[in-house]
Engineer: 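Handing you this structure, nothing more for now.
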Amino acid sequence: MVQKKMSTNGAVNIPVQMRRSMGLQPKDVIELEEKDGALILRPREIRCAFCGTDEDVLKLKGKGICVSCLEKAQEQKGEGNED
């Protein structure tokens, strides 16, 4: 659990490790929901973790990957991943 202090105007910074694990990037729109006294925060639209697009994105293990990057990854896997 992480504890953060709210600013005088109600803002709370989300730690970088949490933003990364959720795939959040600067200027992303997030949804906030209050449920049973808890605040739930989630990305409105998931983005590709590799190129940042929000078009044709699939969710894989909580992260986004677009069809284009998925195809590139499959091509590299077929080439033996020489990088």
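Computed over heavy atoms, backbone and side chain alike; hydrogens, waters and symmetry mates excluded.
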Engineer: Tell me, please, which residues at least two apart from I14 pass side-chain contact (heavy atoms from CB on, under 4.5 Å).
Structural biologist: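 With sequence neighbours excluded, I14 shows a side-chain contact (heavy atoms from CB on, under 4.5 Å) to M18, R19, L24, L41, given in chain and number order.
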Engineer: Rounded to the nearest 0.5 Å, what separates atom SG in C51 from atom NZ in K72?
Structural biologist: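 If we round to the nearest 0.5 Å, C51:SG and K72:NZ are 7.0 Å apart.
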Engineer: A quick test of your reading: do over 12 heavy atoms of other residues, nucleotides or ligands sit less than 6.0 Å from CD of Q17?
Structural biologist: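 Result for CD/Q17: open.
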Engineer: V67 and F50: same hydrophobic cluster, using ILVMFWY side-chain contacts below 4.5 Å?
Structural biologist: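 Result: no, two separate clusters.
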Engineer: Hey, is CG on D36 packed in by over 12 heavy atoms from elsewhere, all under 6.0 Å?
Structural biologist: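 12 or below, so no.
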Engineer: When you look at NZ of K4, are more than 12 heavy atoms from neighbouring residues, nucleotides or ligands closer to it than 6.0 Å?
Structural biologist: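 It does: K4 NZ has more than 12 such atoms within range.
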Engineer: Looking only at heavy atoms, which two atoms of D54 and V57 are closest? And how far apart?
Structural biologist: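 Smallest interatomic distance, heavy atoms only, reads C-CG2, 3.6 Å.
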Engineer: Do you know the tightest heavy-atom contact between V2 and P15?
Structural biologist: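 Between these two residues, the closest heavy atoms are CG1-CG, 3.9 Å.
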Engineer: If the threshold is 4.0 Å, N to carboxylate O, is there a salt bridge linking D28 and R44?
Structural biologist: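 Looking at D28 and R44, the cut-off is not met.
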Engineer: At what distance, to the nearest 0.5 angstrom, does CG of L60 lie from CD1 of I65?
Structural biologist: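 Here the interatomic distance stands at 7.0 Å.
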Engineer: Roughly how far, to the nearest 0.5 Å, is the CD atom of E71 from the SG atom of C66?
Structural biologist: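 Spacing of SG (C66) from CD (E71) equals 8.5 Å.
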Engineer: So how far is it from D56 CG to C48 SG, rounded to the nearest 0.5 Å?
Structural biologist: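 One gets 10.5 Å once the value is rounded to the nearest 0.5 Å.
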Engineer: Just by modelled atom types, is the T53 backbone N or O under 3.5 Å from a matching donor or acceptor in the R47 side chain?
Structural biologist: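 Checking the backbone N and O of T53 against the side chain of R47, no donor-acceptor pair under 3.5 Å is found.
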Engineer: I need the R42 CZ to M22 CE distance, nearest 0.5 Å.
Structural biologist: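 The CZ atom of R42 sits 9.0 Å away from the CE atom of M22.
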Engineer: Can you tell me if CD on E55 sees more than 12 non-hydrogen neighbours from other groups inside 6.0 Å?
Structural biologist: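 Atom CD in E55 is not crowded, with 12 or fewer foreign heavy atoms closer than 6.0 Å.
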